[in-house]
Amino acid sequence: MMYDFMRSVEIDAMRRFEERKARQDIADHFKANGNKAFQSGQYEAALVQYDKAIEQVRDSPVLYTNRALTLLHLQLYDPVLPDCDKALRLDEDNMKAHLYKARAMHNLGQREEAKEYIRELVEKYPTRRKLVENYTQAFEQE
């Protein structure tokens, strides 16, 4: 009886692994399409592809940051914040998510909050100070 139970658990785990792998393969396909569209400046098409990838795999910080950057290029700043927050829940040291979040805050008119967020980033990541400052300087001049 115990053997049957253990066997069913093993079969279920293998099935879930295979399903996850299939979803990841599909997501990778959509991500690659999104990257191609993004690189050619087709941001709306890229957004559709990243949305489809996220439908398949919801725990990839890269997908959320790719979509956030696409949204920034489309000047759709409101949805950037939840994408960055999701990426940061998955990887709290994701610098792209931090920088895109600061940029979205700035472009939403939350300039003081963005400056404070950037100060916190520089404190938390002193070795990345130049990166943060260069990126910040670029979007503040937009």
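In terms of the side chain to side chain contact (heavy atoms under 4.5 Å, CB included) criterion, residue partners of Q75 (sequence neighbours excluded) are, by chain and number, Y77. The side chain to side chain contact (heavy atoms under 4.5 Å, CB included) search around A45 returns A37, Q42, not counting sequence neighbours. Considering only residues two or more places apart in sequence or on other chains, E55 meets the side chain to side chain contact (heavy atoms under 4.5 Å, CB included) condition with none of them. In this structure K31 satisfies the side chain to side chain donor-acceptor pair (under 3.5 Å) test with no other residue, sequence neighbours excluded. In terms of the ring-ring contact (aromatic ring centres under 6.0 Å, His included) criterion, residue partners of H73 (sequence neighbours excluded) are, by chain and number, F38, Y43. In this structure, the side chain to side chain donor-acceptor pair (under 3.5 Å) partners of Q24, at least two apart in sequence or on a different chain, are D28. Checked against salt bridge (Lys or Arg N to Asp or Glu O under 4.0 Å), R111 has no partners two or more places apart in sequence or in another chain. Partners of R89 under the side chain to side chain donor-acceptor pair (under 3.5 Å) rule, at least two apart in sequence or in another chain, do not exist in this structure. The side chain to side chain donor-acceptor pair (under 3.5 Å) check on E112 picks up nothing, with sequence neighbours excluded.
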Would you be so kind as to tabulate the donor-acceptor pairs closer than 3.5 Å made by side chains of residues 61-71, with sequence neighbours excluded?
{"unit_1": "Y64", "atom_1": "OH", "unit_2": "R58", "atom_2": "O", "d": "3.2"}
{"unit_1": "T65", "atom_1": "OG1", "unit_2": "P61", "atom_2": "O", "d": "3.2"}
{"unit_1": "T65", "atom_1": "OG1", "unit_2": "V62", "atom_2": "O", "d": "3.0"}
{"unit_1": "N66", "atom_1": "ND2", "unit_2": "N35", "atom_2": "OD1", "d": "3.3"}
{"unit_1": "R67", "atom_1": "NE", "unit_2": "D83", "atom_2": "OD1", "d": "3.4"}
{"unit_1": "R67", "atom_1": "NE", "unit_2": "D83", "atom_2": "OD2", "d": "2.6"}
{"unit_1": "R67", "atom_1": "NH1", "unit_2": "D51", "atom_2": "OD1", "d": "2.8"}
{"unit_1": "R67", "atom_1": "NH2", "unit_2": "D83", "atom_2": "OD1", "d": "2.7"}
{"unit_1": "T70", "atom_1": "OG1", "unit_2": "N66", "atom_2": "O", "d": "2.9"}

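P79 and L76 get closest at one heavy-atom pair: CD-O, 3.3 Å. Closest of all the heavy-atom pairs between I118 and A102 is CG1-CB, 3.9 Å. Of all heavy-atom pairs between A27 and V57, the closest is CB-CG2, 3.5 Å. Across all non-hydrogen atoms, the minimal contact from C84 to K101 is SG-N, 3.5 Å. Contact detail for D59 and L90: the closest heavy-atom pair is C-CD1, 3.6 Å.
Interatomic distance, R129 CZ to L131 CG, rounded to the nearest 0.5 Å: 12.5 Å. Taken from CZ in R128 to CG in D93, the straight-line distance is 7.0 Å, to the nearest 0.5 Å. Atom NZ of K52 and atom CG of L47 lie 11.5 Å apart (nearest 0.5 Å). Rounding to the nearest 0.5 Å gives a distance of 10.5 Å between CD of Q56 and CZ of R20.
Donor-acceptor pairing under 3.5 Å is lacking for the side chains of H29 and D25.
Hydrophobic cluster of I26: the remaining members, joined at side-chain heavy-atom separations below 4.5 Å, are F30, listed by chain and number.
E120 has its side chain within reach of E116: a pair of non-hydrogen atoms, C-beta onward, lies under 4.5 Å apart. Side-chain atoms of V80 and L108, non-hydrogen and from C-beta on, never get closer than 4.5 Å to each other. The closest side-chain heavy-atom distance from E44 to V48 is not below 4.5 Å.
In R119, the CZ atom is crowded: over 12 heavy atoms of neighbouring residues, nucleotides or ligands sit closer than 6.0 Å. Residue K124 qualifies as enclosed at atom NZ: its count of foreign heavy atoms under 6.0 Å is above 12.
Y125 and M105 fall within a single hydrophobic cluster, where Ile, Leu, Val, Met, Phe, Trp and Tyr side chains are chained together by heavy-atom contacts under 4.5 Å. Side-chain heavy atoms closer than 4.5 Å link hydrophobic residues (I, L, V, M, F, W, Y) into clusters, and following such links, possibly through other members, connects L81 to Y135.
Residue pairs meeting the ring-ring contact (aromatic ring centres under 6.0 Å, His included) criterion with at least one partner in residues 105-124, sequence neighbours excluded, are H98-Y117, H106-F139.
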